[in-house]
Protein chains: 2
Amino acid sequence: MSNEKLTKIEQLCRDKNLKMTGQRKVIAQVLSESEDHPTVEEVYERASSIDGNISLATVYRTVRLLEEENILQSHDFGDGRSRYEEWEDFDNHHHHLIDLESGKIIEFRNDELEILKEKIADELGYKLIDHKLELYGVPVDSKRNPGKK
Amino acid sequence: MSNEKLTKIEQLCRDKNLKMTGQRKVIAQVLSESEDHPTVEEVYERASSIDGNISLATVYRTVRLLEEENILQSHDFGDGRSRYEEWEDFDNHHHHLIDLESGKIIEFRNDELEILKEKIADELGYKLIDHKLELYGVPVDSKRNPGKK
DNA sequence: GTTGATGCAAAATTTTTGCAAGATG
DNA sequence: CATCTTGCAAAAATTTTGCATCAAC
């Protein structure tokens, strides 16, 4: 019973020889278990509920580190705070549709898009490192009952 | 010689019956003439050089208003500040490739992408209101002389 | 042991707001 | 002249940092 319960993020950290402090293990666990896109504050709250000995500054430093190591990706969905999510493998690369009525975030992936974006970058003379597509929309049903605006 | 020199943004404001104060006219002019993606601070500096009687708070309030009116769109290119740019007509809808080595921002448009994104939203049951694609890459030449990382 | 990580509190940055005064339509 | 906008300064919100202490390897 040594490494059998490592979360994916903790495993990636170990692969990169990052020091695994108690705080980092908890933050890694929180992020690996999160299925949404938590803000730093939310990561801090979830981590604190597991281990009270974690400071907000450490969460900020840790997510920054994990982003630099390409373990996390950050998002800006337009509300002024950065949100974080585990980087997916190539096969799971996905994007987001933000429901402008409910604020709900829908993940999707699309192979045509994956191919197209490589092509676009190539035509511009670039090798693609990262990319993000965000769609903002309203449910088609609500076209008939226009809310505000 | 009445309205012949109105900038596009000022015209859009008038169409929406927004009060056209001196400050708003200057900010509209700055934004219409900008070909980059200025931050609020940059808009403030450019506006101040035309008319010293404009405060930073007014620039913040004005870009927020123009964004709500769908006259401006905001971007987050990952440096913690919002950047603004005039909304383009449908035919000029474009996206951005961020050069990770130089920080340069390259605009492009792609018809295939415009079609594909509508299709994706449609399949998810949404009517598309807005969207943004950002590509992050390095020039292909630099693959041979890898800089840092 | 060396090196790097943490907590705390202070500071830096970006953005918002209350309010009295002023400008617009 | 009623309503909305502005400037100012203060406050809010988010993120970063200096430094002494502590933990990982």
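To find a chain, count down the sequence lines: A is the first, B the second, and so on, and within it residues start at 1. Being a predicted model, the structure only gives us computed values, none of them experimental.
Between A:Glu86 and A:Ser32, the shortest heavy-atom contact is OE1-CA, 3.5 Å.
Dashed line: the shortest gap from a side-chain N or O of B:Tyr60 to OP1 or OP2 of C:dT15 is under 4.0 Å. Listed pair B:Gln23 / D:dG7 meets the phosphate criterion, a side-chain N or O lying under 4.0 Å from OP1 or OP2. Applying the 4.0 Å criterion to OP1 and OP2 of D:dT6, one finds that B:Thr21 has a side-chain N or O inside that range. For B:Ser82, a side-chain nitrogen or oxygen approaches OP1 or OP2 of C:dT15 to under 4.0 Å. Here B:Arg81 does not reach the OP1 or OP2 of C:dT13: none of its side-chain N or O atoms lies under 4.0 Å away.
Evaluation of atom-type donor-acceptor distances gives a pair under 3.5 Å for the side chain of B:Arg61 against the base of D:dG7.
Annotation: of the two residues near DNA chain C, B:Arg64 and B:Lys25, the 5′-most nearest-nucleotide partner is B:Arg64.
Using a 4.0 Å cut-off between a side-chain N of Lys or Arg and a carboxylate O of Asp or Glu, A:Arg81 and A:Glu41 do not qualify as a salt bridge. Taking the charged nitrogens against the carboxylate oxygens, B:Arg64 and B:Glu68 have no contact shorter than 4.0 Å, which rules out a salt bridge.
Direction of the helix axis in the helix from C:dG1-D:dC25 to C:dG25-D:dC1 shifts by 50° between the two five-pair termini, rounded to 10°.
Checked options A:Arg46, A:Glu85, A:Glu42; the residue passing with A:Ser34 is A:Arg46 (criterion: side chain to side chain donor-acceptor pair (under 3.5 Å)).
Taking every side-chain heavy atom of A:Leu56 into account, D:dT15 is the closest of D:dT17, C:dT15, D:dT15.
Distance CD (A:Glu41) to P (D:dA12): 16 Å, rounded to an integer number of Å.
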